[in-house]
Amino acid sequence: MAGKRVGVLALQGAFIEHETALLRCGAIPIQVRTSQELEEIEALIIPGGESTTIGKLMHRFGLLDPIRSRAAEGMPIWGTCAGMILLAKEIVETEQVSLSLMNMAVRRNAFGRQIESFETVLQIEGLPPSRAVFIRAPYVERVWGEARILSYYRDKAVMVRENNLLATAFHPELTEDLNIHRYFLAMFN
Amino acid sequence: MQEIGTFKVKTGLAQMLKGGVIMDVTTPEQAQIAEAAGACAVMALERVPADIRAAGGIARMADPSIVLKIMEAVTIPVMAKCRIGHFVEAQILQALGIDYIDESEVLTPADEKYHVNKHLFKVPFVCGARNLGEALRRIGEGAAMIRTKGEPGTGNVVEAVRHIRQVNDEIRWIANLPEEELMNAAKEMGAPYELVLQVAKNKALPVVNFAAGGIATPADAALMMQLGCDGIFVGSGIFKSGDPERRAQAIVAATTHFQDSAILAEISRDLGEAMSGIDIMTIEPQDRMQDRGW
């Protein structure tokens with residue numbers, strides 16, 4: 001299982017934290033800033049950060065279409081927080097650049113501003129309870145098609161999978177818990 | 001179960017800002033220009049540091065109306081500054097729902113001995129530091145993010161470079177000391193011993209460290225990133241330049257592609273006039289903002 005080459009989109013945000021977690025899982029993290037770097041990877045993580053910033057940089061440096069076509073070929077992609085927003089086909093009440101890949105509607109800053117940011121323990125389908133950090137986090141208002149909700153916080157959907165695509169509203173990379181990184185790595189061989 | 005205002009949540013937002021540019025803005029229109037250019041956050045102010053420097057007098061927290069209008073104008077995080085030691089300005093900013101407070105030497109200090117006890121707040125704080133001891137004192141007081149002080153409002157990167165090099169030098173020094181010498185190092189730096197132990201073990205600050213104070217060009221931003229900063233604050237450098245929009249976009253791109261000189265060469269072209277700037281040697285010692293805070 002070791003040695004999977006996993007790209008981490010390194011335009012802006014907490015990409016180093018994902019690299020550290022991937023190393024601890026035995027995978028090989030690769031920073032991705034250009035479309036050439038995209039060709040070297042088997043899977044991609046879009047980290048937390050500012051979704052508007054990351055979206056603009058993806059557009060400016062020509063990454064949107066190459067990522068979309070890799071996704072269509074079946075490459076696994078996992079978005080955390082900003083990454084979840086960038087994967088959603090619908091972003092509620094805002095207009096911004098995104099990949100528009102997953103059948104879900106996501107609301108930004110849905111739990112409130114920074115002073116409402118929180119830590120909790122989540123129940124996740126098929127995994128042990130996980131410590132979760134939510135920072136100005138989005139939640140998923142609805143899903144359709146093949147998208148499936150894997151976790152709720154109170155009555156809000158915060159983790160969704162659709163075939164090769166995974167999205168979490170929270171940040172497993174800020175905790176010691178590697179279960180969700182392992183889950184993502186198990187999505188491909 | 002839900003825990004808010006934890007240190008992890010406070011440092012977590014700073015981690016999400018990494019690799020990004022936080023821009024000083026004084027109006028909702030400027031905030032929207034900054035957001036459109038790709039800023040990862042904005043700092044809401046009444047005046048940018050260059051104008052504070054020019055105006056003289058006492059510089060205070062911004063009027064809450066300005067802060068609120070800027071918060072309404074953008075979806076990215078909004079920061080605001082309080083005076084060093086002015087914990088009531090900090091309480092007011094927290095009550096407004098601001099996302100981060102900068103306890104800043106750009107404003108006139110309210111206390112010449114003590115900084116704000118930042119542990120008492122749910123909102124996270126960023127503070128300036130010229131060296132490791134100062135950074136660890138601020139973290140000891142509860143700061144969840146550090147930045148270089150540089151010399152604000154000058155468009156001159158030399159002081160920010162001095163400060164990041166100093167912090168890095170001292171981290172390397174600490175990391176190479178035998179354990180029995182760390183208590184004395186803590187004493188010499190005036191830094192909390194527990195944090196000195198943590199730096200020695202991890203060979204890094206326990207929180208994110210941004211560059212601030214004098215960054216005016218994409219090359220300045222990339223320089224600070226290559227020197228090991230986690231991200232960039234630009235104060236006067238954008239809205240005191242000839243073409244703020246283009247310059248803001250270029251500094252954002254330079255902060256991402258800080259190691260790619262071909263991209264840096266491309267994005268540095270035709271940006272119009274940079275802010276004119278001030279040579280540090282011409283600023284009288286009593287006018288140096290970096291010497292505020294202790």
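By convention in this document, chain letters (A, B, ...) are assigned in the order of the sequence lines, proteins followed by strands, and residues within each chain are numbered from 1. Not measured: the values here are computed from a predicted model. Just the heavy atoms: all of them, side chains too, but no hydrogens, waters or symmetry mates, feed the values below.
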Closest non-hydrogen atom pair between A:Arg33 and B:Thr256, with its separation: NE-O, 3.0 Å
Closest-packed option against chain B by number of heavy-atom pairs under 4.5 Å, given A:Asn109, A:Val133, A:Thr94, A:Leu57: A:Leu57
Toward chain B, the part of A:Phe61 with a non-hydrogen atom under 4.5 Å: side chain
Whether over 12 other heavy atoms sit under 6.0 Å from A:Lys89 NZ: yes
Residue pair B:Met16 / A:Thr80, side-chain heavy-atom distance below 4.5 Å: no
More than 12 heavy atoms from other groups under 6.0 Å of NE2 on A:His59: no
Atom of B:Ala253, atom of A:Arg60 and distance for their closest heavy-atom approach: CB-NH1, 3.8 Å
Spacing of CD1 belonging to A:Ile135 relative to NZ belonging to B:Lys10, to within rounding of 0.5 Å: 12.5 Å
Taking every non-hydrogen atom, the tightest pair across B:Val9 and A:Gln114: O-NE2, 3.1 Å
Between B:Thr75, B:Thr11, B:Val252, B:Leu17, the one whose heavy-atom pairs under 4.5 Å with chain A are most numerous: B:Thr75
Contacting region of A:Glu116 [heavy-atom separation from chain B under 4.5 Å]: backbone
Contact winner vs chain A - B:Gln249, B:Lys122, B:Met71, heavy-atom pairs under 4.5 Å: B:Met71
Heavy-atom proximity to chain A below 4.5 Å, by part of B:Ala39: backbone
Flag, side chain of A:Glu119 to backbone of B:Ile4, donor-acceptor distance under 3.5 Å: no
Among the listed options A:Ala10, A:Cys81, A:Gly13, the residue most often paired with chain B at heavy-atom distances under 4.5 Å: A:Gly13
Rounded distance [0.5 Å steps], OG1 in A:Thr34 versus CD1 in B:Ile263: 7.5 Å
Intermediate values then yes/no, side-chain contact (heavy atoms from CB on, under 4.5 Å), B:Val78 and A:Arg113: CA-CA 9 Å; B:Val78 179; A:Arg113 303 190 72 97; 3.8 Å; yes
Minimum heavy-atom distance A:Gln12-B:Cys40, with the two atoms named: NE2-CB, 3.8 Å
Interface moiety of A:Ser117 toward chain B, non-hydrogen atoms closer than 4.5 Å: both
Under 4.5 Å from any heavy atom of chain B - which part of A:Glu93: neither
Rounded distance (nearest 0.5 Å) linking atom CG of A:Leu11 with atom NE2 of B:His257: 6.0 Å
Within-4.5 Å side-chain heavy-atom neighbours: B:Gln2 and A:Phe134: no
Heavy-atom pair count under 4.5 Å with chain A, highest-scoring of B:Val123, B:Leu13, B:Asp260: B:Leu13
A:Glu40, CD atom: more than 12 neighbouring heavy atoms under 6.0 Å: yes
Within 6.0 Å of CZ in A:Arg148, more than 12 heavy atoms from elsewhere: no
Contact origin within A:Val121 toward chain B - heavy atom pairs under 4.5 Å: both
Heavy-atom side-chain proximity of A:Arg131 to B:Lys8 below 4.5 angstrom: no
Heavy atoms of other groups near A:Arg154 CZ, more than 12 under 6.0 Å: yes
Heavy-atom neighbours of B:Phe87 CZ exceed 12 at 6.0 Å: no
Residue A:Ile115 versus chain B: region with a heavy atom under 4.5 Å: both
Which atom of B:Ile76 lies closest to which atom of A:Arg136, heavy atoms considered: C-NH2, 3.4 Å
